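Below is one structure, written out as structure tokens; comments come after it.
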Amino acid sequence: MFASLPPTASGQARAPTWARVAPGVWRTQIGKPEGLTLLGAAGARPAVEALRKLPDLPFPLDPKGIEARQWGWKTAVRFPLALDEDVYGLGVDFKTVRRTGSVFQLHVDHWGGVTGRTHAPVPLYVSTRGYAVLFNTARYLNVSVGLGVRLAAVEKPPVIDRTTGKGWAALPRSDSVEALANAEGMEVFVFAGPTPLDAVRRYNLFNGGGALPPKWGLGFLARTPTRYGAEQALAEIAEFREQGIPLDMLGLEPGWQDHAYPCSFEWDSSRFPDPARFLAEVERQHVKVNLWFNPYVSPTAPLYRKLLPFAGTHLVWNGIVPDYTLPEPRRIFADHLERRVVSLNPRAVGGFKIDEVDGYDRYLWPDTALFPSGHDGEQLRQTYGLLVQRMIYDLFRRQNRRTFGQVRGTNAGASSLPFVIYNDNYAFDEYITAVGNSGFAGVLWSPEVRGGKGEEMLRRMQAVVFSPLALFNGWATDDKLWTHEEVRDDIRAAIILRMRLLPYLYTTFAQYHYEGTPVVRPMQLVEGFKAAGQPERGRLDAAANPYAISLVEEVKDQYMLGDSLLVAPIPPGVKTRKVVLPAGRWYDFYTGELAGDGQTIEVTPPLSRIPLFVRDGALIPLIGERQWAPGPDEVLPLEVRHYGELPGETALYDDDGESFDYERGDYSWTRLSVTKDACGAWRGQVTPDKSGKRWRYSNVSWTFMTAVAANTL
Ligand code: GAL
């Protein structure tokens with residue numbers, strides 16, 4: 001195979017050998033193993049049982065077509081890319097979903113518009129041929145997708161004279177995906193499908209399965225202005241209750257500490273004179289607090305002295321950067337947060353917001369930094385967010401309480417870490433693209449809502465309630481949801497709709513956890529989806545210009561949330577938008593009326609509604625209106641809505657909603673089904689979990705949305 005490749009001074013190409021490490025998952029090691037990897041930093045451990053339930057497929061590529069080279073401080077690997085193949089993934093990008101025809105510098109960073117520099121530069125790519133590849137390196141990674149034609153390529157692009165010829169391509173398409181890291185070695189994994197979605201599932205399960213948040217994590221989070229003290233925070237909760245706007249989590253920003261940028265991790269005694277009393281009151285209001293920090297430790301902090309021996313060579317905002325690849329500083333930091341914050345009231349402290357672990361080069365440590373473990377600035381940059389998430393997650397696990405928090409920098413291996421990424425950007429369309437892209441990367445992303453006038457505020461709120469974490473980030477403003485009088489009722493209605501959908505959302509997260517299926521599914525992962533204008537696979541115009549990059553329309557402004565809901569957010573200022581419906585009939589969520597059949601439709605919804613479409617035969621379970629998520633002992637009436645003309649079936653997940661007891665089998669999947677009886681009338685049926693484990697719902701009522709719509713015409 002490599003006879004055509006001359007051995008060079010810079011490393012002999014060889015075909016790596018692959019070891020099967022789980023059904024449909026293979027591993028190889030090129031060169032020397034590096035001590036620190038992304039999956040290692042994330043503490044990812046395969047969900048072995050769940051992986052065994054997936055089909056045990058053969059290796060999805062021709063192993064002879066894969067080449068690895070290692071020389072000095074460089075490791076390169078080449079995977080074949082067929083002409084009719086497209087590639088997605090490679091991290092949470094904000095501009096595009098399709099990756100073919102681009103070069104990426106995967107690098108943890110605050111999104112600055114440079115390809116590959118993002119909050120989650122997950123080096124996983126997903127192929128339309130139904131497999132995925134992970135470069136498990138804690139180094140910056142250069143990935144070239146379908147570019148850089150090799151001399152040794154069997155099929156080369158045609159040679160065309162640009163002056164006189166037709167079809168000359170500026171970016172002739174290559175037959176490779178090539179990755180390069182400045183490393184002595186690299187671990188690589190291949191995940192089989194058979195579909196692209198199955199490949200993503202295997203990746204998520206290989207990392208332990210997706211995060212399962214507590215039920216209250218699926219409620220609403222409001223973050224307060226940075227200088228708020230205990231009284232103002234409690235007044236804010238009271239105002240939410242007064243306004244009838246649901247609230248489950250209250251975010252405290254830098255001012256809960258007595259020093260921030262760098263941080264002290266100590267309550268500020270003037271703003272929070274009695275934290276335990278404050279937390280007791282928060283608990284009485286059925287709210288959890290979520291506390292902001294960035295992990296850079298202030299010289300004024302008691303923690304400083306203990307962590308100083310483990311500090312890296314550089315400071316961030318004059319705070320030390322502890323080396324959390326080492327166990328001792330991890331223990332010191334987690335113990336401190338546990339003692340000084342969480343243990344004051346574990347029922348009221350719900351989690352943390354891990355800020356500024358993404359960084360811009362100009363304010364985090366430079367790549368020249370070194371850390372006591374021997375790891376360098378680049379390795380810590382790629383893993384810092386993972387390391388801190390893992391510490392916080394483990395802290396809550398020890399308490400047998402689930403957490404749901406926010407993080408601004410993460411990477412591969414994070415599927416089971418219960419944190420949602422955010423950023424300071426405010427471009428609506430980029431946010432929606434990022435929400436979709438998160439589904440290829442095993443992470444959760446929510447667009448931030450900080451403000452906007454009237455209609456803009458409403459459209460942003462409608463989008464965020466149909467994302468993994470519904471939040472308003474009021475850290476820098478006096479703006480409150482209720483000050484937007486002209487849209488206040490619609491904002492309230494949007495959040496209440498999210499609360500009503502809690503059984504559906506919780507089941508969607510359970511699918512993420514137990515089956516690895518992403519919460520948000522970009523359209524390219526959805527069966528039966530073919531974007532308008534997209535050429536049939538394998539039928540690219542080979543005669544005219546076989547190697548030009550096909551200008552495929554990218555659908556990145558709509559996505560599936562769970563199995564059955566297609567979400568098509570309306571950007572501020574827009575009245576009408578297109579929605580591309582996958583194959584089959586789709587119905588309007590609100591009315592049950594037929595919206596279209598595998599076609600592109602145009603919708604002009606009223607201001608009060610975000611367009612939502614439901615698959616034919618889908619069942620959507622809802623609870624009644626509420627102001628906070630149900631507790632573990634509450635039993636609630638359930639409404640099940642059926643849409644369309646096909647019979648339907650779904651499995652509804654339930655557990656106590658706040659502990660890890662589900663890991664010991666304390667959960668249930670209840671089957672809900674709808675069929676037509678002999679007289680042609682729809683009937684719903686509930687089949688309890690075989691294990692005898694109960695759910696927390698009662699009095700099931702059935703609404704046959706499409707049938708009702710037809711009768712009221
Ligand atoms: C930013 C963060 C904001 C807010 C702020 C507080 O970096 O993205 O959401 O928390 O810090 O200083």
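Here, residue 1 is the first one in the sequence, and each next residue gets the next number. Remember, predicted model here, so these are calculated numbers, not experimental data. For ligands, and for the atoms within them, numbers begin at 1 and follow the listed sequence.
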- Message: Go through it in stages, so that I can follow the logic: the residues are Tyr324 and Arg390, the test is side-chain contact (heavy atoms from CB on, under 4.5 Å), and I'd like the CA-CA distance, side-chain angles, deciding distance and then a yes or no.
- Response: CA-CA 10 Å; Tyr324 289 130; Arg390 185 78 222 179; over 6 Å; no

- Check: His336 side chain, Arg339 main-chain N or O, donor-acceptor pair, under 3.5 Å: no

- Test applied, ring-ring contact (aromatic ring centres under 6.0 Å, His included); reference residue, His119; option that passes from Trp445, Trp111, Tyr384, Tyr422: Trp445

- Just do the side-chain contact (heavy atoms from CB on, under 4.5 Å) check on Arg408 and Asn294 with the steps written out, would you? CA-CA 10 Å; Arg408 231 177 62 182; Asn294 63 37; over 6 Å; no

- With sequence neighbours excluded, tell me which residues meet side chain to side chain donor-acceptor pair (under 3.5 Å) with Arg498. none

- When Glu283 is tested against each of Lys288, Arg277, Arg347 for salt bridge (charged side-chain N to carboxylate O under 4.0 Å, His left out), which residue passes? Arg347

- Return the protein residues near ligand 1 (heavy atom under 4.0 Å from any of its atoms), ordered by chain and residue number. Glu253, Pro254, Tyr261, Trp292, Lys353, Asp355, Glu356, Arg408, Tyr422, Asp424, Asn473, Trp475

